[in-house]
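Residue numbers start from 1 in every chain, and the chains themselves are labelled A, B, ... in the order their sequence lines are given, proteins ahead of strands. Just so it is clear, the model here is predicted, and its values are computed rather than measured.
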Amino acid sequence: MKKEKKNKPSKELPLGFADRQEKELLVRDFIISNIKEVMTKYGFQYLETPSFEYSDSIGKFLPDKERPDEGVFSFKDENKWLSLRYDLTAPLARYVAKNFLEIPKPFKRYQLGAVWRNEKPGPGRFREFLQFDADFVGTKSLQADAELCVMISEILERCGLAKVDYIIKISSRKITEELFKKININDNQQKLTALRALDKIDRLGWEEVKQLLGEGRKDKSGDFTKGANLGKQNIEIIEKELKKKLPDTEDLKEVIKIFKNYNFSNFKFDPSIIRGLEYYTGLIFEVNLKFDVKNNKGQIIQFGSIGGGGRYDNLVNNFGNYDAPATGISIGLDRLVYAIMQKKEFKLKRLKPVVICVFDKNFMREYINLLLLLRDAGISAEIYPGESKLKKQMEYANKIQSPAAILYGEDEIKLGKPTVRNLITGNEKSIEIKELINEIKKII
RNA sequence: GCAGCAGUAGCUCAGUUGGUUAGAGCACUAGUUUGUGGAACUAGGGGUCGGUGGUUCGAAUCCACCCUGCUGUACCA
């Protein structure tokens with residue numbers, strides 16, 4: 001006989017979703033406030049678009065046609081399909097196309113928000129995550145691209161990173177394009193596989209990448225990845241060309257010149273960065289952290305880039321006939337938060353409330369008077385939110401890391417002198433009410 | 001998706017060649033004399049041993065499948 005199973009609701013989270021606790025949220029808020037300040041300083045508009053869009057608005061016109069309908073959360077509303085946005089760029093393109101006649105040209109906007117991807121999550125990757133995007137729409141000027149790099153580096157440094165902690169890698173799609181033309185690769189599939197292989201140079205090294213350009217490679221776990229099947233000669237040419245490659249395309253020369261004017265030097269030309277496969281059209285860049293990031297077991301994990309961006313001159317155009325060359329940057333905020341939490345010991349402890357202990361409900365009026373006094377002085381305070389013995393109240397105050405407890409029982413009330421217990425040192429002091437604010441301020 | 005490893009209490013784990021009512025530490029709850037947290041002591045609650053099916057007199061332990069997690073790899077708008 002089986003016991004009857006009680007159908008309790010599941011306490012598990014859906015795959016790829018996470019609760020976020022205060023410790024993390026405070027760091028996130030800190031980063032976001034830096035982002036907002038810097039973005040305002042750089043003259044970007046703040047924009048918010050809805051979480052849902054019509055599926056065709058964000059799917060159909062995507063340049064990556066390999067899997068246009070996969071990976072998004074969708075449902076049918078009446079008879080139209082809606083999808084949760086999977087990035088902030090597609091909604092931007094839609095917004096620009098919709099409001100093209102009214103908005104300034106060029107249009108500069110930044111946006112912060114969650115995006116959703118319906119796919120199996122990986123290490124440090126979720127199905128719901130926060131992105132920060134900044135874009136210029138409607139300008140071909142490489143001044144815009146340069147500003148994005150300068151701006152993200154200012155944000156990172158404000159968040160506590162030093163120049164040695166990160167690097168902006170730059171390259172241009174034109175380099176690989178020319179290279180493929182030179183060795184006569186025309187098969188699109190082969191091109192894509194080759195691009196993916198080249199993308200991995202810094203992680204795997206040339207030897208392994210050459211395997212991927214050729215027949216394929218086995219990874220650490222023994223899994224085999226098929227390669228691009230290029231001829232040996234062509235592989236040699238690619239290696240030789242890229243190794244000696246200089247940033248000599250027009251766009252790279254130009255943007256490096258602009259960096260110089262900004263006195264910005266924390267970048268590196270790296271022909272191996274590739275980014276989104278069919279998306280970018282010219283200059284591309286990637287923001288990489290240079291310090292080790294560990295998981296909660298203390299193992300160092302492959303963290304890779306926290307974001308990047310580049311020029312996409314055709315996206316907005318897909319919505320209509322507007323010519324809107326654009327460039328943008330996109331940062332994965334959760335990963336940045338995770339990395340920064342490890343890099344710096346953050347002293348972002350939120351001020352916890354002073355706890356006023358409740359001896360007797362009949363004294364509530366006195367307690368509220370003290371409470372208002374403290375709060376009016378801008379001090380976080382609360383009356384113990386429950387009905388328990390004093391011991392429990394002290395345990396509670398300790399648990400929430402309250403700086404001080406105020407004891408105001410019958411004896412104290414008669415004297416009009418509450419007792420302030422410093423919960424860090426354990427010292428107690430009986431003081432006049434008018435001294436209360438000063439006393440608390442001394443503690444916190 | 002592919003590969004390797006893992007899944008026993010909220011957390012970290014132990015569990016002998018399959019054998020009574022499955023354990024420890026930490027955490028939690030209640031006490032250790034009436035109004036005092038972080039230490040100590042006492043007592044207590046909590047687990048269909050990831051799930052389902054199978055082998056067996058008997059399964060946390062063996063087998064199969066599935067689920068979940070970690071790490072790598074692939075994909076990534």
If [N] has a Watson-Crick or G-U wobble mate with both distances under 3.5 Å, name it; if not, just say none.
N: B/G25; value: B/C11
N: B/G45; value: none
N: B/A40; value: B/U32
N: B/U20; value: none
N: B/A3; value: B/U71
N: B/A64; value: B/U52

Pick the [atom1] atom in [N] and in [M], then give their distance to the nearest Å.
N: B/C67; M: B/G23; atom1: C1'; value: 27 Å
N: B/U61; M: B/C49; atom1: P; value: 10 Å
N: B/C13; M: B/U56; atom1: C1'; value: 29 Å
N: B/C41; M: B/C63; atom1: P; value: 42 Å
N: B/G7; M: B/C62; atom1: P; value: 11 Å
N: B/A43; M: B/U71; atom1: C1'; value: 44 Å
N: B/G38; M: B/U34; atom1: C1'; value: 23 Å
N: B/C26; M: B/C66; atom1: P; value: 41 Å

Can A/E177 and A/R173 be counted as an ion pair, charged N to O under 4.0 angstrom?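 Between A/R173 and A/E177 there is no salt bridge, as every charged N stays at least 4.0 Å from the carboxylate O atoms.
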Is the closest basic N to carboxylate O distance between A/E178 and A/K181 below 4.0 Å?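 Result for this pair is no, no salt bridge flagged.
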Where the side chain of [X] is concerned, which of [options] is the nearest nucleotide?
X: A/E428; options: B/U36, B/G37, B/U73; result: B/U36
X: A/K399; options: B/C28, B/U73, B/G38; result: B/C28
X: A/L204; options: B/G37, B/G35, B/A74; result: B/A74
X: A/D87; options: B/A77, B/U73, B/G35; result: B/A77

Please answer whether the main-chain N or O of A/G113 pairs with a side-chain N or O of A/R85 as donor and acceptor at a distance below 3.5 Å.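 Not a single qualifying donor-acceptor pair exists.
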Can you work out whether A/G409 or A/I424 has the more 5'-proximal nearest nucleotide on RNA chain B?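 Upstream on the strand: A/G409.
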Quick check on RNA chain B: between A/W116 and A/N427, whose nearest nucleotide comes earlier from the 5' end?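 The residue mapped nearer the 5' terminus is A/N427.
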Touch class at under 4.0 angstrom, heavy-atom based, for [X] against every strand present:
X: A/Q393; answer: nothing
X: A/E412; answer: base
X: A/I406; answer: nothing
X: A/D199; answer: nothing
X: A/K226; answer: nothing

What do you reckon, are the aromatic ring centroids of A/Y408 and A/F363 less than 6.0 Å apart?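 Not under 6.0 Å, so no.
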Answer with yes or no after comparing the ring centroid distance for A/F44 and A/F136 against a 6.0 Å cut-off, counting only values under it.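 Close enough - the centres of the two rings lie under 6.0 Å apart.
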In whole angstrom, give the distance that lies between atom [atom1] of [X] and atom [atom2] of [N].
X: A/K392; N: B/G38; atom1: NZ; atom2: P; value: 9 Å
X: A/L390; N: B/U33; atom1: CG; atom2: P; value: 15 Å
X: A/R117; N: B/G1; atom1: CZ; atom2: P; value: 18 Å
X: A/D360; N: B/U34; atom1: CG; atom2: C1'; value: 14 Å
X: A/N422; N: B/U36; atom1: CG; atom2: C1'; value: 14 Å
X: A/D135; N: B/A77; atom1: CG; atom2: C1'; value: 14 Å
X: A/L212; N: B/C75; atom1: CG; atom2: C1'; value: 14 Å
X: A/R196; N: B/G1; atom1: CZ; atom2: P; value: 18 Å

Could you state the interatomic distance from OG (A/S171) to CZ (A/F285), rounded to the nearest 0.5 Å?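 Answer rounded to 0.5 Å: 12.5 Å.
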At less than 4.0 Å, is any side-chain N or O atom of [X] found next to OP1 or OP2 of [N]? Yes or no.
X: A/R85; N: B/A77; result: no
X: A/K389; N: B/G31; result: yes
X: A/K391; N: B/U36; result: no

So, A/Y86 and B/A77: ring centres less than 5.5 Å apart, planes less than 30° off, yes or no?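 Stacked: ring centres under 5.5 Å, planes under 30°.
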Would you say A/D133 and A/S330 are linked by a side-chain donor-acceptor pair, where the criterion is simply a distance under 3.5 Å?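 Yes, side-chain donor-acceptor contact under 3.5 Å.
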For the side chain of A/E395 and the base of B/U36, is some donor closer than 3.5 Å to an acceptor across the two?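 Side chain to base: no pair below 3.5 Å.
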Looking only at heavy atoms, what is the nearest atom pair of A/E412 and A/G409, with distance?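 Scanning both residues completely, I find the closest heavy atoms to be OE1-N, 3.0 Å.
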